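Note that the coordinates shown come from a computational prediction; the quantities given were computed from them, not determined experimentally. Each residue takes its place number in the sequence, starting with 1.
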Amino acid sequence: MNSSQPVVAADRPRLDLPVFIPAFAIAVIAACFLVFRPEQAEAWAAHLMSLVTSQFGWLFVIFGFGTFVFALWLAFGRFGQVKLSRTDEPPEYSELSWAAMMFSAGIGIGLVSWSFVEPIYYLSTPPLHIEPHSARAAEWGHMYTLFHWSFVPWALYAVPSVAVAYVLHARHRPLLRISEVCRPVLGNRVDGWVGSVIDTLIILGLIAGAGTSLGLGVPLVSALTTSTLGIEENLYTRLGVIGVWTVIFGVSAYKGLKAGIRILSDINIFLAIALVLLVLFVGPTVFILSLSANSLGLMLDSFPRISFWLDPVKDGGFPDAWTLFYWAWWIAYAPLMGLFFGRISRGRTIRQTVLGIICWGSLGCIAFLSICGAYALHLELDGVLEVSRMLSENGIPATVVEIVKTLPFSQVLLAAFTVLSFVFLATTLDSSAYVLASISTKNLYGEDEPGKRNRLAWAFALAMIAVGLLFASGLQTVKSLTIILALPLTAVLFVVFRSLTRALGEDFGKRVRKPALVIAPTNNASNKES
C-alpha cells in the first residue's frame, strides 16, 4: 500500500500499553531519583554535560543554523504552497487562537523567568570577551537575549511541525508520533523496536525539557504568589503552588484542545500583551524603544557570527553555559512542539505554517524580552535598583519580584504577573501531557484526541517531577540532562527532515518542478529567421 494513502483504523483510539508503561515508569523513576539520589544524579549529569558540550558543541550550532535555512527553503521553495490537509478546507483554528496556542505552549514560564534577568546576566558575564558592565556589554547582552529566543528556536519548532502536519493531515496516517513521521525513510521498521527507541528518546527529551521549565517556573510562581499575598515563602507554599497549578493544567488537559488548551492560551496571550505594553508605557519608553531597535539591528548584522561562535581558543564558557544550553533546550522540546503544532495546523499551507510559527513566535519573544529586558537594564544602569547584585545573591524569583515592585501599581501588577506565570506554565505542561498521551495511544487520527485518563496520568506524572525537583533542588541536573538528551535527538530530527523531503518529493515532485521559462519569439524575429 502506498504510504500516501489514508489508513483506516480498525478500531477506536486506545491506550498503547507497550509504550505507555515504560514511558510512564521513566517519569516516575526520574522523580524518585531526584529525591533519593540527588548528589549522584548531579555528578553524573555534570560529567556527561561537560563531555557533550566540549565534543559536540559544533554539531548543535551547525544543526540550529541549518534548520533555520531549511525552514526558509520550505517556506519559499517549490513546496511552499502544499496544503496540510486532503481537501481545500480552511484552517481548523483562527490565526489568533493558533498563534496563542503556539506561543503559550512553545515558551511558557521561561519567558517570564528570563525576560527581566537574562540581559543582567550578560551584563556581568558578556559574550565575545566584552568588558563586563560596560555600555557595549549592555547593548550586546540585550541583543543576545533576543537571539536566544527568536529565529533559530522557532525554526527548530517549525520544521518538525510541518513534517507532523503533513503526515497527519495530508497523508492521514493514524499515529501522532515522531516514529510515524520517520516512516518514509525507515519504512516498516518504525513498527518495531526502532520506532520504540525513537518515541522513548522523544519522551525522555520532553521530560527533561519540561523538568527545566518546572525547575524555573515553580520557584518564580511561588515567589510572586507569596509576595502578592504578603506571606512567607517556604516549602509548603511551593507545594501549594504545585497543587493549584496541577489542578489548572490537569483540568485543561482533561478537557482537551478546543475546550481547554485553546481557551487558556487565548486568555494568556491577551494578558501578556497588556502587561508588556504597560511596562513599555510606564517605564522609560524612549530608552526601551531605542535599545530594542538597536538590538534588532545588531542581531541582524551579527547573525552569522553569533550563530557559530563557540569561543574555541579562549574557551571562556559563555557559549557552553548559554547558547548551547538554549539550543539543546529547544531541540529537546522540538519533537513535542512539532507534534502539538502539527496537530493544530490542519488546513494551512507549508508556507503559512513555517512563516507563521517563526514570525509569530519570534515577534512575541522579541517584544516581551526586549521591553522587559530594557526596563531591567534601565534600573541597573541608572542606579534605581541593584539588579545584578540581587540576582547573584537572591536568585531569579526574588529579583523578578523586586523588579516588578518598581513599577506603578506594583501589587496589581504582581497579581497579574502571578496569573500570567500560572497560565504560561499550565499551557506548556498541559500541551506536554497532551502529546505524551498521544504518543502512548494507538490509532489516533488528526481529529481524534487521546483518552482523558491517559492525559490526566501524564499531567500528574509531570506534577511528580515538579515535587521531585522541589525536594532535591535538582534544576542544574535537569538542565544538564536536557543538553545530554538533545544529542541523540538531533539524529532523530535529521531523519524527520529527510522523511519530510522524501514524502513531498514522492507526492508532489513532478507537479511542482517548473520547467525553465524563456521569452517567446516575436513575429519580427520569426520573419527574419525565415
Side-chain angles (χ1 to χ4, degrees), residues 109-128 130-149 215-217 219-228 233 272 275-292 294-295 298 317-318 321-322 325-326 365-418 420-421 424 475:
I109 192 67
L111 190 67
V112 183
S113 300
W114 291 107
S115 58
F116 286 110
V117 301
E118 189 168 337
I120 306 300
Y121 275 117
Y122 301 156
L123 184 66
S124 303
T125 56
L128 303 170
I130 297 170
E131 182 183 353
H133 296 281
S134 62
R136 194 159 172 254
E139 291 185 3
W140 279 80
H142 188 264
M143 180 277 292
Y144 244 93
T145 303
L146 308 187
F147 168 66
H148 284 154
W149 291 78
L216 291 169
L220 175 63
V221 175
S222 178
L224 288 168
T225 303
T226 53
S227 181
T228 301
E233 183 183 10
L275 286 175
V276 79
L277 288 177
L278 185 62
V279 173
L280 172 64
F281 290 121
V282 303
T285 307
V286 174
F287 174 77
I288 291 173
L289 293 176
S290 299
L291 185 59
S292 299
N294 181 80
S295 294
L298 189 61
F318 182 93
W322 293 103
F325 162 67
Y326 270 123
C365 286
I366 287 173
F368 204 101
L369 290 158
S370 62
I371 292 172
C372 295
Y375 181 74
L377 282 170
H378 155 73
L379 297 178
E380 173 75 16
L381 298 175
D382 285 11
V384 178
L385 186 69
E386 295 183 13
V387 183
S388 57
R389 181 185 61 80
M390 292 189 60
L391 191 57
S392 63
E393 293 178 0
N394 303 323
I396 294 175
T399 304
V400 172
V401 169
E402 292 304 315
I403 291 174
V404 175
K405 283 183 177 180
T406 64
L407 292 165
F409 313 107
S410 59
Q411 286 303 115
V412 175
L413 287 178
L414 275 173
F417 270 101
T418 302
L420 180 68
S421 300
F424 254 139
L475 176 58

Is there a side-chain contact between Pro132 and Ser124 in this structure, where contact means two heavy atoms from C-beta onward sitting under 4.5 Å apart? no
One should read off an interatomic distance between Leu291 CG and Leu381 CG, to the nearest 0.5 angstrom, of 9.0 Å
Distance (rounded to the nearest 0.5 Å) between Leu414 CG and Thr418 OG1: 6.0 Å
Could you grab the distance from atom CG of Leu420 to atom CG of Leu413, nearest 0.5 Å is fine? 11.5 Å
Taking the side chain as every heavy atom from C-beta outward, state whether Val401 and Phe417 have any atom pair closer than 4.5 Å. no
Backbone N or O of Arg389 within a donor-acceptor pair of the Ser392 side chain at under 3.5 Å? yes
Taking every non-hydrogen atom, the tightest pair across Thr225 and Val221: OG1-O, 2.7 Å
If only atom types and distance count, is the side chain of Ser410 paired as donor or acceptor with the main-chain N or O of Thr406 below 3.5 Å? no
For the pair Tyr144 and Phe147, name the ring-plane relationship: parallel under 30°, tilted 30 to 60°, perpendicular over 60°. perpendicular
For His378 and Phe287, take the angle between the two ring planes, folded into 0 to 90°, and tell me which bin it lands in: parallel under 30, tilted 30 to 60, perpendicular over 60. tilted
Apply salt bridge (charged side-chain N to carboxylate O under 4.0 Å, His left out) to Glu233 and list each qualifying residue two or more places apart in sequence or on a separate chain. Arg238
Identify whether the distance between the nearest side-chain nitrogen and carboxylate oxygen of Glu402 and Lys405 falls below 4.0 Å. yes
Measure the shortest side-chain to side-chain distance between Phe318 and Pro127 over non-hydrogen atoms and say whether it is less than 4.5 angstrom. yes
Which label fits Trp322 and Tyr121: parallel for a plane angle under 30°, tilted from 30 to 60°, or perpendicular past 60°? tilted
Counting only heavy atoms not in Gln411, do more than 12 sit closer than 6.0 Å to its CD atom? yes
Counting the benzene-type ring for Trp, do Trp149 and Phe368 have ring centres under 6.0 Å apart? no
Is there a side-chain contact between Val387 and Phe116 in this structure, where contact means two heavy atoms from C-beta onward sitting under 4.5 Å apart? no
Would you say Trp114 and Val117 make side-chain contact, with heavy atoms under 4.5 Å? yes
Nearest 0.5 Å, what's the CD1-CD1 distance between Ile120 and Ile396? 12.0 Å
Non-neighbouring partners of Glu131 that pass salt bridge (charged side-chain N to carboxylate O under 4.0 Å, His left out), sequence neighbours left out: none
If only atom types and distance count, is the side chain of Glu118 paired as donor or acceptor with the main-chain N or O of Gly373 below 3.5 Å? no
Measure from the side-chain N and O atoms of Ser227 to the backbone N and O of Ala223, and report whether any donor-acceptor pair falls under 3.5 Å. no
Check whether any side-chain heavy atom of Ile403 lies under 4.5 Å from a side-chain heavy atom of Thr399, and answer yes or no. yes
